[in-house]
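Here's the structure, in structure tokens; my notes come after.
Given the structure is predicted, the values throughout are model-derived calculations rather than measurements. Indexing begins at 1, ligand by ligand and atom by atom, following the structure's order. Side chains included, hydrogens not; waters and symmetry mates left out as well; all remaining heavy atoms used.
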Amino acid sequence: MSSSAETRRAEVIARLVGPMAGRSPARASAEAYAPANIALCKYWGKRDAALNLPCTSSLSMSLGRLGSRVVLRPRTGLDQVTLNGAPLAADSAFVRRVRVFLDLFRPAPDWGVALDAHNTIPTAAGFASSASGFAALTRALDSLFGWNLPPRDLSIIARLGSGSACRSLDDGFVEWQAGTRADGMDSYAEPFDTPWPDLCMALVVLSADAKAIGSREAMQRTVDSSALYDGWPRQVAADLAELKTAIRARDLATVGAVSERNALAMHATMLGARPPILYWRPETVSVMHRIWELRAAGLSVYFTMDAGPNVKVLYDAREAARVRSALAEWTVLTPEDSEAQETKGNSDGH
Ligand code: PMV
């Protein structure tokens with residue numbers, strides 16, 4: 001990261017944390033949890049890479065018990081990171097990202113942390129593990145240093161770790177306002193307050209392998225080289241407006257249709273990149289067709305996808321058993337599963 005980017009990020013922290021910036025921790029350890037989130041109207045493309053400021057607003061749904069738990073203990077020297085109990089190499093992409101983020105908060109140059117992260121969601125396969133991870137880390141830092149910041153400020157800090165992490169600090173639906181300010185102080189996420197407990201999301205796990213290209217790089221390449229990106233902000237504006245109206249009306253058919261077309265349009269912008277980006281595997285397409293067949297047979301079921309091969313399925317709680325049995329040939333995870341599975345995985349990605 002360039003020094004001007006570091007300075008701009010440090011300025012954001014100084015503004016939010018105020019006189020407490022650079023102080024030693026208030027306690028010996030801290031622990032926090034944050035849910036993963038899946039966007040129904042996607043964030044794809046940054047207007048500012050240093051501060052992770054998006055070109056458009058976005059709207060997501062949080063995944064309850066599927067997410068990340070982080071335990072932080074200060075130590076002298078290098079940061080040590082474990083994921084689901086296994087130590088991660090200091091030069092792994094995830095540890096490097098975490099270190100750059102922690103650099104914003106160190107009270108002294110030799111101040112490090114032992115960070116134990118536990119994901120209940122497959123890491124690095126488009127399942128938002130970095131979003132829940134950076135949101136949980138932000139909460140743990142707030143508790144460790146005793147800042148007691150309001151949710152809006154925590155959302156801004158989490159965004160500096162990973163853009164979509166700013167949407168992982170609340171349950172239910174969450175809207176991330178793109179904002180217009182250069183310092184990003186108006187770019188944060190807030191609950192979109194319509195409870196809809198019967199709206200369910202299932203994750204179809206097709207691959208838990210780390211993806212070949214991370215969302216950060218893929219997004220940048222799309223913005224820089226895809227002729228199809230020009231139409232994206234217009235599509236998001238229309239989709240977001242329609243989605244919010246449909247959520248308020250608890251209109252699953254519209255929420256599902258908008259989510260599906262928004263995800264497909266995002267992937268279309270990637271296909272137009274040079275070189276092109278295609279996250280889908282043959283099974284990804286099989287699941288999409290299965291969903292369309294189920295719809296043709298009268299089931300109200302829809303899909304969305306992120307920067308990975310897996311598919312997320314939207315449906316009403318009353319259809320849960322039928323959806324499960326129709327997807328029985330694949331591994332399906334839901335936040336409602338009584339024991340959220342601990343999944344060992346790789347360490348990079350979204
Ligand atoms: O926050 P990032 O850099 O991992 O990007 C997330 C991008 C998508 O998951 C594809 C879309 C979204 O809005 O979450």
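For the pair N37/L63, no side-chain contact is recorded, criterion being any heavy-atom separation below 4.5 Å from C-beta on. For the pair R65 and T120, the minimum side-chain heavy-atom distance is 4.5 Å or more. L40 is listed as a side-chain neighbour of M201, based on a closest heavy-atom distance under 4.5 Å.
Applying the 6.0 Å contact sphere to CZ of R47 captures more than 12 heavy atoms from other residues, nucleotides or ligands.
At a 4.0 Å cut-off, not a single heavy atom of R216 sits close enough to ligand 1 to count as contact.
Considering backbone and side-chain N/O atoms, N37 never comes within less than 3.5 Å of an N/O atom of ligand 1.
Set against the non-hydrogen atoms of S162, the atoms of ligand 1 under 4.0 Å away are 1 (O), 2 (P), 4 (O). Listed by number with element, the atoms of ligand 1 under 4.0 angstrom from any heavy atom of M219 are 3 (O), 5 (O), 7 (C). The atoms of ligand 1 that sit less than 4.0 Å from any heavy atom of W44 are 10 (C). Residue A307 approaches ligand 1 through these ligand atoms, each under 4.0 Å from one of its heavy atoms: 10 (C). Within ligand 1, counting atoms from 1 as listed, the ones closer than 4.0 Å to a heavy atom of G163 are 1 (O). Remark: ligand 1 atoms within the under-4.0 Å shell around heavy atoms of S164 are 1 (O), 2 (P), 4 (O), 6 (C), 14 (O).
Between the side chains of R167 and S58, at least one donor-acceptor pair of N or O atoms lies under 3.5 Å. A side-chain donor-acceptor contact under 3.5 Å links T82 and D116.
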